[in-house]
Amino acid sequence: MGEETVSEQAPAREQADPRRDRPVHVWTLVAIGLVATAIGIALGFAIDWFPVRGSTQADDIDTVYHVLVVASVPFFVLVTVITLYCVWQFRERPGEEGLDGPSIHGNTGLEIVWTTIPAILLIGLCTYAYVTLTNVEEAPAAGAPKELRVDVTGQQFAWTFAYRGLDGKPVKSAELVLPKDRSVKFQIRTLDVLHDFWVPEFRMKIDAVPGITTSYRITPSKLGSWSVVCAELCGVGHALMRQKVTVVTPERFDAWIRRKQAGGMAATGAAGGGGAADATDQAAIGKTLFAEGNGEATACGACHTLSDAGTSGATGPNLDEVLKGWTPAQIAEAIENPNKDVAKGYTEGIMPANYGDTLTKQELAALVAYLEKTAAK
Ligand code: HEC
Ligand SMILES: [Cu+2]
């Protein structure tokens with residue numbers, strides 16, 4: 001039996017077979033490969049893959065991408081050309097059904113070549129990417145404007161921002177506002193699951209990991225308004241976890257910070273005053289909670305637009321429009337049990353369902369009082 005198979009197979013391969021196509025010359029394949037490589041690299045550069053370059057880091061990071069294109073297209077072409085050529089040249093022809101090719105065992109020279117070249121290439125590219133990442137994240141030089149520190153907190157399904165190291169008191173915000181041409185270091189945390197803090201225009205991104213604080217640094221280099229995106233699948237509301245980042249001139253940034261500091265101060269003063277807060281103080285506390293949260297409870301303004309609180313969130317209904325005529329009981333119910341009566345056109349499970357726990361009774365009352373007063377205007 002065994003002998004029969006061998007004697008049947010061997011001649012089929014060893015003799016020049018009239019059924020075979022004439023082999024293509026190796027230089028023809030090389031020429032095809034070079035043309036395909038040139039087209040591939042040209043396309044890689046011609047297509048504009050990237051959003052606007054919004055930070056000083058963007059140039060170097062885009063260069064990494066272009067170097068990777070130049071390094072990987074030739075290998076992609078090499079593998080593809082050889083594969084397609086073999087599929088065509090050694091296809092099964094009528095009469096060859098069930099035949100097996102000659103058995104080939106190992107080629108030490110080839111194996112050394114195809115291990116060494118990719119190893120050198122990979123080590124080189126990793127080193128280059130690592131050095132680039134270290135360089136773009138270098139602390140600002142002496143004499144540059146003082147670095148801004150922003151704590152970023154992720155929670156299903158919104159981000160809140162806290163500015164540290166300002167002159168005067170820290171500022172919390174549901175919206176990210178940054179000055180142009182000043183280095184900013186983000187310290188990123190999460191209150192629940194993994195999230196990932198990303199502004200595509202700034203190019204940098206990093207996971208928010210439970211239990212640890214991660215960070216990165218960028219310098220906004222363009223005025224404009226873009227999206228903060230969550231880039232780590234984090235639950236049903238992941239795709240809606242988007243907020244606004246606005247890059248403004250340093251003067252406008254300082255004015256914005258001062259306005260925030262003044263607004264927050266009134267509310268803190270009222271809360272710290274002790275005793276029964278009167279209606280105006282209640283509303284001031286409510287407004288602060290709405291725009292800033294309380295560290296545990298996500299700011300409502302991250303998801304809701306409310307012009308009185310200066311927020312522009314777009315994940316949930318616009319509260320300038322929907323709250324008219326609501327009773328305090330209805331507002332409280334919507335906050336504590338958001339999934340009971342889901343607003344038309346919106347998905348259940350996006351608005352945090354834990355405000356009953358993360359807000360104290362007084363905070364909830366203040367928020368309801370504020371929203372009722374604002375809606376009545
Ligand atoms: C992560 C985003 C998110 C946050 C944070 C959030 N909400 Fe919502 N909210 C939504 C979504 C989405 C809906 C619509 C679905 C629903 O009713 O549950 C909604 C619905 C509402 C409604 C009902 C609106 C209607 O038309 O029925 C009210 C009122 C409301 N939210 C108030 C608040 C308040 C107050 C806070 C802060 C304590 C808050 N929300 C925080 C996303 C959010
Ligand atoms: Cu997320």
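In each ligand, atom 1 is the first atom listed, and ligand 1 is the first ligand listed. Quick caveat, the model's predicted, so the values are computed rather than measured.
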Original post:
With under 30° as parallel and over 60° as perpendicular, where do the rings of F197 and W159 fit, or are they tilted in between?
Top reply: perpendicular
Just need the protein heavy atom nearest to [atom], so name the residue and atom and give the distance.
atom: atom 42 (C) of ligand 1; answer: M351 CB, 3.5 Å
atom: atom 28 (C) of ligand 1; answer: A334 CB, 3.9 Å
atom: atom 5 (C) of ligand 1; answer: Y355 OH, 3.4 Å
atom: atom 13 (C) of ligand 1; answer: P317 CD, 3.4 Å
atom: atom 23 (C) of ligand 1; answer: W326 CH2, 3.8 Å

Taking 4.0 angstrom as the limit and counting only heavy atoms of [X], give me the atoms of ligand 1 inside it, by number and element.
X: I335; value: 35 (C)
X: T315; value: 12 (C)
X: V322; value: 26 (O)
X: P352; value: 1 (C), 3 (C), 4 (C), 5 (C), 6 (C)
X: C303; value: 1 (C), 2 (C), 3 (C), 4 (C), 5 (C), 42 (C), 43 (C)
X: F157; value: 1 (C)
X: V342; value: 15 (C), 16 (C), 17 (O)
X: C300; value: 34 (C), 35 (C), 36 (C), 37 (C), 38 (C), 39 (C), 41 (C)

**OP:** Before signing off on this row, confirm whether P338 and ligand 1 have an N or O atom pair separated by under 3.5 Å.
**Re:** yes
Subject >> Test of ring centre spacing under 6.0 Å for F202 and Y216 >> reply: no
Original post:
Considering only heavy atoms, which of G316, G345, A343 lies nearest to atom 17 (O) of ligand 1?
Top reply: A343
Original post:
Nearest 0.5 Å, what's the CD-CG distance between Q156 and N354?
Top reply: 9.5 Å
**OP:** Confirm or rule out an N/O/S atom of H304, from backbone or side chain, lying less than 2.8 Å from atom 8 (Fe) of ligand 1.
**Re:** yes
Return yes if some donor-acceptor pair links the side-chain N/O of [X] with the main-chain N/O of [Y] below 3.5 Å, else return no.
X: H195; Y: E232; result: no
X: N318; Y: D320; result: yes
X: R189; Y: Q187; result: no

Can you find a pair of side-chain heavy atoms, one from [X] and one from [Y], that are under 4.5 Å apart?
X: F157; Y: C230; value: no
X: L371; Y: L306; value: yes
X: L121; Y: F75; value: yes

Is [X] salt-bridged to [Y], going by a charged N under 4.0 Å from an acidic O?
X: D151; Y: R164; answer: yes
X: R217; Y: E147; answer: yes
X: R203; Y: D62; answer: yes

**OP:** Decide whether the shortest distance between a heavy atom of A302 and an atom of ligand 1 is less than 4.0 Å.
**Re:** no
With heavy atoms only and a cut-off of under 4.0 Å, state how [X] meets ligand 1: side chain, backbone, both or neither.
X: L371; value: side chain
X: A299; value: backbone
X: L367; value: side chain

Subject >> Contact flag Q156/the Cu ion (ligand 2), N/O/S atoms, threshold under 2.8 Å >> reply: no
**OP:** Output yes if H238 passes the N/O/S-under-2.8 Å test against the Cu ion (ligand 2); output no otherwise.
**Re:** no
Original post:
Going by atom types only, do D60 and T132 share a side-chain donor-acceptor pair under 3.5 Å?
Top reply: no
Subject >> Geometry at the Cu ion (ligand 2) - C230 SG versus M241 SD angle, rounded to 10 degrees >> reply: 110°
**OP:** Can you establish whether the number of heavy atoms outside R252 located under 6.0 Å from its atom CZ is more than 12?
**Re:** no
**OP:** Determine which of the N, O or S atoms in H195 is closest to the Cu ion (ligand 2) and give its atom name.
**Re:** ND1
